[in-house]
Amino acid sequence: MSENLIFDDLDESYGLVDLDAKEEEQFRQLQHTLLARCKSANIDVELKDDIISVGFPNGREKRWISFITISALKDILDIEFEKYIFLGDFVAIASFSTSYIEAIFRSIDNRTPKILLYQKMFRSLSANVPIVIEQEYMGRDIAIELGNRSKEIGILSGDMLTQNDTLSLKITGIGISQHNKSVDVLRKISDSLFFQFDLEEGIALNLIRNQRHTRKRIPRRINLEKKKLEFPKIEFDEAPSSLYWYARGAQGIPLLQFLAFYQVIEYYYPTYSQEEARRRIRTILKDPTFRTDRDADIGKVLSTISGHGRGFGDERSQLRATINACVDANDLRVFLTEDTERASFFSSKQKGLTDHKLPLSNKDTDFRAPVADLIYDIRCKIVHTKGENSDGEVELLLPFSKEAELLFYDIELMQYIARKVLIAASAPLNL
């Protein structure tokens, strides 16, 4: 059980504040000391534009933390940071030398008052007396502690995610020497422990994840010109409109957001697949070679009108029909190419998401069908189990995976198409 948190990059103006000569000297000395300790411990470190950043080990990757104030530099130098690594995408640390794991967690329901959470968990108004569970396991004395987070994890996370009263899960005594094994231990223990809390106390807890910076920067400049709103002229169907706003509110839950936008489009499959089916049947019947006494010809008609649910044709063809009816080919091309990062993303294979890529360099291509195939492929990886799809085995796309975090541009595309479908299906306002 875990949750993504999204943080913008540090503001470009957020750098070294004005210091007097004495503070400036102290700041430089602290940076020099941190550089020296990192190099001595073979930890990656960079000093750029008065900001020192440390690349802490995190499996095969690095998690870069910046220390930009005198107090932050003092804090990191005050602990044995050399012995810690980060664990996966969690706000979690581990020390192999002391067999120690710690991870930040919180209630899934942010509306739950902290006092109520403490009362249910600790039978107290605070977490000053932690919950400690001890057990001998395979010849080792294992201890699990739920309580206030340590100073070390607060400093190592840059205090971007943690306050002094933030809760953490600490595990000691389990022999660990590998990053992936440590992540596995943390996941298994937290899942089991938090499930107990859910059953016994009705509390839903989760580990906090430190989401990768896969999202674009939000423009710094805000257009202050007041937009003139017009009196509403059109109305939208209630069900798909509700799904659209549900998707817009699912920030930080990429799989749910993708599927909610997909359901907006799916709602209109019967409408637009019928139009496509009528066109195809009309074409078949107009063919001079069509014969009503030939089974193969009748089979063409049956194949056209056969479908799933209320629509005509299989789901992929219904998706194509809906996009073809609601999205202008030129408008779609502009959307895909107007942003260079977006264009680069869709022009390449989305590893772990889909093998479909869009040939955006070809100026004559109608991208509506390729986009439909791309969307359908990702949709199948979210909702299907392996072997469920008639086209063959489907690789699962799991929540909280690295691949799920890369769905940003795909979700942008889904939102764009959902908007176009809603607009196409709208009607004049009738109050």
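Residues: numbered from 1 along the sequence shown.
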Is the Lys NZ or Arg CZ of Arg187 less than 6.0 Å from the centre of Phe90's six-membered ring, within 45° of the axis?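 Judged by the rule, Arg187 and Phe90 form no cation-pi pair.
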
Nearest heavy-atom pair of [X] and [Y]: which atoms, and what distance?
{"X": "Tyr244", "Y": "Ala418", "value": "CD1-CB, 4.3 Å"}
{"X": "Glu134", "Y": "Ala143", "value": "CG-CB, 4.2 Å"}
{"X": "Ile101", "Y": "Ser182", "value": "CD1-O, 3.8 Å"}
{"X": "Phe236", "Y": "Ser241", "value": "CB-CB, 4.3 Å"}
{"X": "Leu255", "Y": "Ala404", "value": "CD2-CB, 4.0 Å"}
{"X": "Ser66", "Y": "Ser53", "value": "OG-OG, 2.8 Å"}

May I have the step-by-step check of side chain to side chain contact (heavy atoms under 4.5 Å, CB included) for Gln31 and Leu73, ending in yes or no? CA-CA 7 Å; Gln31 285 187 328; Leu73 287 166; 3.9 Å; yes

Taking [X] for its side chain and [Y] for its backbone only, find out whether a donor-acceptor pair lies under 3.5 Å.
{"X": "Ser347", "Y": "Ser344", "value": "no"}
{"X": "Arg63", "Y": "Gly88", "value": "yes"}
{"X": "Arg333", "Y": "Lys363", "value": "yes"}
{"X": "Gln257", "Y": "Ala247", "value": "yes"}
{"X": "Arg368", "Y": "Val327", "value": "yes"}
{"X": "Ser190", "Y": "Leu186", "value": "yes"}
{"X": "Ser157", "Y": "Gly154", "value": "yes"}
{"X": "Arg149", "Y": "Ile104", "value": "no"}
{"X": "Thr33", "Y": "Gln29", "value": "yes"}
{"X": "Arg342", "Y": "Phe335", "value": "yes"}

List in chain and number order the residues that pass salt bridge (Lys or Arg N to Asp or Glu O under 4.0 Å) with Asp328, two or more places apart in sequence or in another chain; answer none if no residue qualifies.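 Listed in chain order: nothing, the list is empty.
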
Does either side chain, that of Lys170 or that of Thr172, offer a donor lying less than 3.5 Å from an acceptor on the other one?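 Lys170 vs Thr172: no donor-acceptor pair found between side chains.
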
Any donor-acceptor N or O pair under 3.5 Å, side chains Tyr409, Asp339: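 On atom types as modelled, these side chains do not qualify, holding no pair under 3.5 Å.
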
I'd like to check [X] versus [Y] (side-chain heavy atoms, cut-off strictly below 4.5 Å). Are they in contact?
{"X": "Glu46", "Y": "Trp64", "result": "yes"}
{"X": "Ile79", "Y": "Leu156", "result": "yes"}
{"X": "Asp410", "Y": "Leu374", "result": "yes"}
{"X": "Lys420", "Y": "Leu332", "result": "no"}
{"X": "Glu315", "Y": "Arg379", "result": "yes"}
{"X": "Leu358", "Y": "Thr365", "result": "no"}
{"X": "Leu30", "Y": "Lys74", "result": "yes"}
{"X": "Gln350", "Y": "Leu406", "result": "no"}

Working to the nearest 0.5 angstrom, can you tell me the gap between [X] [atom1] and [Y] [atom2]?
{"X": "Tyr267", "Y": "Leu422", "atom1": "OH", "atom2": "CG", "answer": "10.5 Å"}
{"X": "Leu87", "Y": "Asn58", "atom1": "CG", "atom2": "CG", "answer": "7.0 Å"}
{"X": "Ile234", "Y": "Asn430", "atom1": "CD1", "atom2": "CG", "answer": "14.0 Å"}
{"X": "Arg419", "Y": "Gln415", "atom1": "CZ", "atom2": "CD", "answer": "4.0 Å"}
{"X": "Phe56", "Y": "Glu61", "atom1": "CZ", "atom2": "CD", "answer": "16.0 Å"}
{"X": "Tyr269", "Y": "Gln318", "atom1": "OH", "atom2": "CD", "answer": "7.0 Å"}

[X], [atom1] atom: more than 12 neighbouring heavy atoms under 6.0 Å:
{"X": "Glu338", "atom1": "CD", "value": "yes"}
{"X": "Glu80", "atom1": "CD", "value": "no"}
{"X": "Ile115", "atom1": "CD1", "value": "no"}
{"X": "Phe122", "atom1": "CZ", "value": "yes"}
{"X": "Gln178", "atom1": "CD", "value": "no"}

Take Phe197 and Leu146 through the test side chain to side chain contact (heavy atoms under 4.5 Å, CB included) and record every step on the way to the result. CA-CA 12 Å; Phe197 272 105; Leu146 297 162; 3.6 Å; yes

Arg28 and its side-chain hydrogen bond (donor to acceptor under 3.5 Å, both in side chains) partner, picked from His32, Glu24, Glu25: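 Filter result, single survivor: Glu24.
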
Determine whether the aromatic ring centres of residues Phe408 and Phe345 are separated by less than 6.0 angstrom.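 Ring-ring flag for Phe345/Phe408: false, centres at least 6.0 Å apart.
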
Parallel, tilted or perpendicular: ring planes of Phe258 versus Tyr262, cut at 30 and 60 degrees: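 The arrangement is parallel - the two ring planes meet at less than 30°.
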
Trace of the salt bridge (charged side-chain N to carboxylate O under 4.0 Å, His left out) decision for Asp314 with Arg316: CA-CA 6 Å; Asp314 59 24; Arg316 187 197 300 269; 5.7 Å; no

From CA spacing to verdict: side chain to side chain contact (heavy atoms under 4.5 Å, CB included), Ile43, Phe81: CA-CA 10 Å; Ile43 298 175; Phe81 65 84; 4.1 Å; yes

For Ile65 and Ile76, run side chain to side chain contact (heavy atoms under 4.5 Å, CB included): C-alpha distance rounded to whole Å, both residues' side-chain angles, the deciding distance at 0.1 Å, then the answer. CA-CA 11 Å; Ile65 304 294; Ile76 188 64; over 6 Å; no

From CA spacing to verdict: ring-ring contact (aromatic ring centres under 6.0 Å, His included), Phe367, Phe346: CA-CA 11 Å; Phe367 293 108; Phe346 284 116; over 10 Å; no

Intermediate values then yes/no, salt bridge (charged side-chain N to carboxylate O under 4.0 Å, His left out), Glu152 and Lys83: CA-CA 11 Å; Glu152 284 76 12; Lys83 70 180 183 181; over 6 Å; no

